[in-house]
Visitor: 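Questions regarding the structure given below will be posed in turn.
Within every chain, numbering begins at 1; the chains are lettered A, B, ... in the order of the sequence lines, protein sequences first and strands thereafter.
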Number of protein chains: 2
Amino acid sequence: MGRDEILPGTLHLLILRTLVQRGELHGYEIAKAIERSSEDVLQVEEGSLYPALQRMLVKGWVKAHWGTTTENRRARYYRLTPLGRKQLHIEQAQFERVVNAIARVIHTA
Amino acid sequence: MGRDEILPGTLHLLILRTLVQRGELHGYEIAKAIERSSEDVLQVEEGSLYPALQRMLVKGWVKAHWGTTTENRRARYYRLTPLGRKQLHIEQAQFERVVNAIARVIHTA
DNA sequence: ACTCCATCCATAGATAATCTATGCATAGAT
DNA sequence: ATCTATGCATAGATTATCTATGGATGGAGT
């Protein structure tokens with residue numbers, strides 16, 4: 001954890017959660033949404049984001065289609081699949097579990 | 001985060017914290033201490049632990065010496081250096097910061 | 001017209017940290 | 001005699017990230 005960007009292994013969760021909250025978004029929007037809602041603590045690099053979205057497409061957690069933004073730009077929109085929604089629940093529970101476990105270790109007297 | 005062992009990037013923190021709590025420990029004890037104080041949620045694989053301890057030695061966060069356990073076994077004991085104590089504060093603050101940021105993203109309405 | 005910035009996508013290669021699998025050794029219990 | 005827990009360590013694979021790069025374009029400002 002030498003960086004101050006994201007905790008390795010949490011990017012899928014962040015993306016899934018952002019999509020379930022805001023519906024259909026394109027990549028750039030997803031990144032900005034995560035950064036903003038984290039109050040700019042988390043930085044989502046494009047070199048991390050797009051490979052992550054590829055992985056999620058392959059796993060069937062999201063589907064994508066090309067469209068046009070309000071600013072008249074070409075963009076690829078992603079939306080959650082039912083499988084993605086299931087995965088969100090799994091990853092969120094897992095995250096809480098592990099973070100709580102770490103907290104117990106850290107705060108052990 | 002497909003595993004249920006440790007959050008990547010948190011092992012140094014867990015080790016540093018365990019050493020500051022319990023003083024001088026050998027590797028095997030460190031692993032068991034983390035597993036127990038996490039109520040067996042976190043699993044510390046030896047293949048992760050020993051390389052991590054090597055990294056921490058190189059960085060000067062811990063010092064090691066060979067000794068004998070209460071069970072009469074040869075073991076390598078680690079203790080925190082002042083630099084390690086400083087690093088603990090850094091990593092702990094960093095961890096809280098990032099986890100809180102993730103929590104904000106996850107719990108955004 | 002030109003320039004600049006923000007928006008948008010994507011990949012290659014390097015880096016880092018983990019896991020799996022393996023090897024070695026021995027104390028104590030059965 | 002054998003088994004289990006204790007103890008150290010490394011090689012190689014895997015995974016996920018970052019850095020660096022490349023390309024394209026809309027709109028704002030000059």
Visitor: Give the nucleotide from the list dC19(C), dT17(D), dT7(C) with an atom nearest to the side chain of I6(B).
Guide: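 Between dC19(C), dT17(D), dT7(C), the one nearest the side chain of I6(B) would be dC19(C).
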Visitor: Between dG7(D), dA10(C), dC8(C), which one does the side chain of T69(A) approach most closely?
Guide: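 That would be dC8(C).
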Visitor: Within the modelled atom types, does a donor on one side and an acceptor on the other bring the side chain of E46(B) and the base of dC8(D) under 3.5 Å apart?
Guide: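 When only heavy-atom distances are counted, E46(B) does reach the base of dC8(D) through a donor-acceptor pair under 3.5 Å.
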Visitor: dC8(D), dT11(C), dT20(C): which one has an atom nearest the side-chain heavy atoms of H26(B)?
Guide: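 Closest nucleotide among those given: dC8(D).
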Visitor: Please classify the nucleic acid contact of R76(A) as base, sugar-phosphate, or nothing, using heavy-atom distances under 4.0 Å.
Guide: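 Sugar-phosphate, backbone atoms only, no base.
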Visitor: Out of dC9(C), dT25(D), dA9(D), which nucleotide sits closest to the side chain of W66(A)?
Guide: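 Shortest atom-to-atom distance from the side chain points to dC9(C).
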Visitor: Identify which nucleotide among dT18(C), dT26(C), dT7(C) has an atom closest to any side-chain atom of E71(A), counting heavy atoms from C-beta outward.
Guide: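 Closest nucleotide to the E71(A) side chain: dT7(C).
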Visitor: Rounded at 0.5 Å granularity, tell me how far CZ in R17(A) sits from CG in L80(A).
Guide: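 One finds 10.5 Å between CZ of R17(A) and CG of L80(A).
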Visitor: Name the closest nucleotide to the Q54(A) side chain, picking from dA10(C), dT18(C), dC8(D).
Guide: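 Between dA10(C), dT18(C), dC8(D), the one nearest the side chain of Q54(A) would be dA10(C).
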Visitor: Suppose we define a pair by two distances each less than 3.5 Å, Watson-Crick or G-U wobble; what does dT30(C) pair with here?
Guide: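 Pairing partner: dA1(D).
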Visitor: Using a heavy-atom cut-off of 4.0 Å across all strands, would you classify G27(A) as base, sugar-phosphate, or nothing?
Guide: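 Sugar-phosphate, backbone atoms only, no base.
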Visitor: Between E35(A) and K32(A), is the closest basic N to carboxylate O distance under 4.0 Å?
Guide: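 Yes, charged N to carboxylate O under 4.0 Å.
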Visitor: Verify the neighbour count for atom CZ of R85(A): are there more than 12 heavy atoms of other residues, nucleotides or ligands below 6.0 Å?
Guide: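 Not buried by this count: 12 neighbours or fewer within 6.0 Å.
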